[in-house]
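Accompanying notes for the structure given below.
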Amino acid sequence: MKTVRVPVSDPYDVLIGPGLLPSLGDKVRSLCPKAARYVLVTDDNVGPCWAEVCTRSLQAAGLAGDVYTLPHGEASKTAGSLIEILNFAADRRMTRSDLFVALGGGMVGDLTGLASATFMRGVSYVQLPTSLLAAVDSSVGGKTAVDLPAGKNLMGAFWQPKLVLCDTDALSTLPPADFVSGCAEVIKMSVLFDEALFERLAGEGVDFDREAVIARSVALKRDVVAQDERDTGRRALLNLGHTLGHAVEACSDYALSHGQCVAIGMAAVCRAAAKYGFCSPDVPERVVTVLERFGLPTRTHIPFPALMDRMLSDKKRSGGAIGVVVPEAIGSCSVRPMDTRTAGAFMKAGL
Ligand code: GLY
């Protein structure tokens, strides 16, 4: 097992390794000694595989509770679901010393995190990520949210978990396409911060050592979050490939996975950066080779004007400027503020 400590305002551990879920109850007991109840939120894909081992462990540690199961998929990440979860917890007389447990991927984690941030003005929660994307990205860093009709993650709060337990056994029930989608975020972290991790991924492909690679990727994210808990500076680097990626995601009507869209966005930004002389031409060549090795796409047929329209409505735009994350080398990137016209021309150059 590996442990990554996240030193934010209320520090917590991310534990990564096989066979961790059966120890959930003991860990909750020592972190939340006054807790008597839990509400475990999950979805109808993950719950049948992993909820019982969690509830058994919580009950063995003396906690009573209930399971709230959502239909899987992003369509459940709504304000309506949030209210239902809050009512569910209130009806079961959950108190301020009790906790939520998020068992699932990013949708469950983001939604349960926001329920925890808002129930009685804030209660504890534990993240149990069961997708690679959630393990390396959304479960760490305290970003919680639901989607609004106008866009993704428009209603949310920063609210850090008490603990993240990443049981690598749970990733074994993940469909292969979802695992590969999560790999795009790991590749992204390596392009941003760690050439050795990049080379490891290039060499090992999807068969990488999960415990070691997830722990390294989480540690890289930890370093960013520790410096910029509230996403006002350095954390923007984590958007590498996301400005174009979000546009591809929306224009494809979410037919492509988040990881596939990030892969397309990352490849485009690397090609554009080389054309503009921000990095050497071997950067896009190496990044595209690794993405292809993982079976991730690197091009889109979506016409540029449609992508540009979506980019202009991205919430990460600030005033007239877009912070475009640009590689300078593998393992080193910077945020370049560009006006929308310059950003558009830059992205187009990479398509
Ligand atoms: N997913 C990007 C962040 O946590 O800031």
Side-chain angles (χ1 to χ4, degrees), residues 73-75 77 105-107 133 137-138 145 147-154 175-188 191-192 236 238-276 278-279 281 283-318 320-327 333 335-351:
E74 186 75 13
K77 208 174 112 175
M107 179 278 284
L133 183 64
D137 188 31
S138 56
D147 302 334
L148 295 180
K152 285 180 74 170
N153 297 328
L154 289 183
D178 289 357
F179 186 78
V180 167
S181 175
C183 291
E185 291 286 349
V186 182
I187 296 168
K188 179 199 81 176
V191 174
L192 280 168
L238 301 178
N239 292 323
L240 174 65
H242 281 62
T243 303
L244 189 65
H246 281 150
V248 174
E249 215 172 351
C251 290
S252 77
D253 251 337
Y254 299 91
L256 293 176
S257 70
H258 180 70
Q260 288 175 314
C261 297
V262 168
I264 291 167
M266 211 171 5
V269 117
C270 290
R271 283 191 290 262
K275 278 193 187 157
Y276 276 59
F278 298 152
C279 67
V283 170
E285 281 163 25
R286 289 167 72 195
V287 170
V288 166
T289 303
V290 173
L291 293 172
E292 285 175 348
R293 166 140 208 212
F294 279 78
L296 287 159
T298 58
R299 300 262 183 198
T300 177
H301 295 299
I302 298 167
F304 178 72
L307 294 172
M308 191 63 204
D309 265 4
R310 295 309 299 215
M311 277 192 282
L312 290 179
S313 63
D314 194 309
K315 77 176 187 317
K316 293 200 165 61
R317 203 156 59 88
S318 136
I322 298 179
V324 180
V325 187
V326 173
C333 297
V335 182
R336 286 178 184 252
M338 297 184 193
D339 62 48
T340 47
R341 188 196 291 240
T342 310
F346 179 77
M347 297 292 181
K348 196 173 178 189
L351 285 175

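- Applying the ring-ring contact (aromatic ring centres under 6.0 Å, His included) criterion to Tyr254, with sequence neighbours excluded, gives no partner residue.
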**Worked check of side-chain hydrogen bond (donor to acceptor under 3.5 Å, both in side chains) between His242 and Glu185** = CA-CA 10 Å; His242 281 62; Glu185 291 286 349; 3.1 Å; yes
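- Two residues are said to be in side-chain contact when any heavy atoms from C-beta on lie closer than 4.5 Å; Leu351 and Leu307 meet this criterion.
- Taken to the nearest 0.5 Å, the CG atom of Leu240 stands 4.5 Å off from the CG atom of Leu192.
- Between the CG atom in Leu244 and the CD1 atom in Ile264 there is a gap of 8.0 Å [rounded to 0.5 Å].
- In terms of heavy atoms, Phe294 sits closest to Ile187 at CD1-CD1, 3.7 Å.
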**Request:** Applying side-chain contact (heavy atoms from CB on, under 4.5 Å), run through Met347 and Val269 and close with a yes or a no.
**Result:** CA-CA 6 Å; Met347 297 292 181; Val269 117; 4.1 Å; yes
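- At a threshold of 4.5 Å between non-hydrogen side-chain atoms, the residues Phe346 and Arg336 do not count as touching.
- Relative orientation of the His258 and His246 rings is tilted, given thresholds of 30° and 60° on the angle between their planes.
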**Item:** side-chain contact (heavy atoms from CB on, under 4.5 Å) between Glu249 and Val262, worked out
**Value:** CA-CA 9 Å; Glu249 215 172 351; Val262 168; over 6 Å; no
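- Pairing each heavy atom of Arg310 with each of Cys251, the nearest pair is CG-SG, 3.3 Å.
- In this structure, Lys188 and Leu238 have side chains that are in contact, with non-hydrogen atoms separated by less than 4.5 Å.
- Thr289 places a side-chain N or O within 3.5 Å of a backbone atom of Glu285 that can act as its donor or acceptor partner.
- Here the closest non-hydrogen pair linking Met311 and Thr243 is CG-O, 3.7 Å.
- Remark: Gln260 pairs with Ser257 by the side-chain hydrogen bond (donor to acceptor under 3.5 Å, both in side chains) rule, at least two apart or across chains.
- Atom CE of Met266 sits about 10.5 Å away from atom OG1 of Thr298, to the nearest 0.5 Å.
- Residues meeting the ring-ring contact (aromatic ring centres under 6.0 Å, His included) test with Phe179, sequence neighbours left out: Phe208.
- Of all non-hydrogen atoms in Pro284 and Cys279, the two that sit nearest each other are CD-SG, 4.3 Å.
- When atom types are taken as modelled, the side chain of Lys275 and the backbone of Gly350 share no donor-acceptor pair closer than 3.5 angstrom.
- Taking the side chain as every heavy atom from C-beta outward, Val288 and Cys270 never approach each other to under 4.5 Å.
- Atom CD1 of residue Ile302 and atom OG of residue Ser252 lie 5.5 Å apart, to the nearest 0.5 angstrom.
- Distance check, rounded to the nearest 0.5 Å: CE of Met107 to CG of Asp147 gives 10.5 Å.
- We find the CG-SG distance between Asn239 and Cys333 to be 12.0 Å, quoted to the nearest 0.5 Å.
- When all heavy atoms are compared, the tightest approach of Ala263 to Pro297 is CB-O, 3.3 Å.
- In this structure the side chain of Val326 reaches within 4.5 angstrom of the side chain of Met338, judged on heavy atoms.
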